[in-house]
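Computed from a predicted structure; not experimentally measured. Atoms within a ligand are numbered from 1 in the order they appear, just like the ligands themselves.
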Amino acid sequence: YAKGQGRNNFQCFTSSMNEKVSERLLLETGLRDALLRDEFELYYQPQYDFARNRLSGCEALIRWNSPSGMVMPDRFIPLAEETGLIISIGAWVLEEACRQGELWNRDSVEPLSVAVNVSAVQFRPELVDEVRNVLDSTGFDPELLVLEVTESVLMSDVDSSVLLLQQLRDLGIRIALDDFGTGYASLAYLKRFVLDKLKIDRAFIMGIPEDRDDVAITSSIIDIARHLNIMTVAEGVETEAHCEFLRAAGCNLAQGYYFDKPLSADEFTQRLK
Ligand code: C2E
Ligand code: MG
Ligand code: MG
Ligand code: MG
């Protein structure tokens, strides 16, 4: 009996493993063709400026319109990173975001910044030339381009990161530290990395105003950033209470479902009007 059960368990194990492997293979094959078939699309989530009481920028978020439906980035970015496909996907994102950003700014009086997420795999010396070339070819104002990196990206090699961030900023662009507070960078690194914006992770905003720890952590991040002359962006702002707390605490910008979900380029254009 024990033997039979063992064999069954083994079969279950291999068949679920096969499923995982073939799902991954399907995803990977699809991902390879996705650029050629023009299946990626950028959505743009508005960012609101508390002081000016208006929309002042957006974050570009990739979507994959695969033949079997829309796939969210959490499902394919990790695989794109493992396979190295993120290099060409990331280059497409950068170019598309700058192209669209230039169009929006051409038609508007108020400047609109566009933030682009950069993966660890892309964060290498070649990125400087890539960004410079895209700025040249699209004519997008460097001051309006924000690159979002995470703590773990910077911490994997601190000295090279310091240098790379400096070279990127020399192009005139801005740097934001994404998901701040969830990684393992110490406060001392806020001094070494030249940063323009800190994005306070959604995990802290979620607990506001009930959770006293989240309230304390969020206000402290805002205070420290202000003293270091770094702007704060709250992620995952979902309620009026989040919004009122952040405004009173002196947070600069907010992004979240309370204002808008990520919008297609057309929807975003409508929103601007
Ligand atoms: P992220 O950069 O931290 O982006 C914020 C995520 O939070 C987005 O998920 C956004 O849709 C979601 N979000 C915004 N407001 C709210 C809210 O009020 N509540 C909740 N629950 N969620 C909210 P999304 O678009 O699924 O992207 C997930 C992650 O995928 C991003 O996290 C980013 O790390 C990565 N990603 C997205 N686009 C790109 C890209 O073009 N390149 C790279 N390398 N990574 C990307
Ligand atoms: Mg981001
Ligand atoms: Mg984030
Ligand atoms: Mg994230």
For ligand 1, which atoms have a heavy atom of Gln45 less than 4.0 angstrom away?
14 (C), 15 (N)
How does Ser119 reach ligand 1, by side chain, by backbone, by both or by neither, if only non-hydrogen atoms under 4.0 Å count?
both
Is it the case that the side chains of Asp266 and Gln270 hold a donor-acceptor pair, with the cut-off being a distance below 3.5 Å and no angle test?
no
In Glu59, what N, O or S atom is nearest to the Mg ion (ligand 2), if we give its atom name?
OE2
Tell me, please, which residues at least two apart from Lys197 pass side-chain hydrogen bond (donor to acceptor under 3.5 Å, both in side chains).
none
The atom of Asp179 among N, O or S that is nearest the Mg ion (ligand 3) is OD1
Closest to the Mg ion (ligand 3), which N/O/S atom of Glu235 is it?
OE2
Suppose we only count N/O/S atoms under 2.8 Å; would Asp201 qualify as near the Mg ion (ligand 3)?
no
Using heavy-atom distances only, which candidate in Ile205, Asn117, Ile86 approaches atom 34 (O) of ligand 1 most closely?
Asn117
Hydrogens and angles aside, do Glu102 and Thr138 bring a side-chain donor and acceptor to less than 3.5 Å of each other?
no
Quick check: Gln255 and ligand 1, any N/O pair under 3.5 Å apart?
no
Name of the Asp178 atom (N/O/S only) found closest to the Mg ion (ligand 3):
OD1
May I ask you to check whether Glu148 brings an N, O or S atom to under 2.8 Å from the Mg ion (ligand 2)?
yes
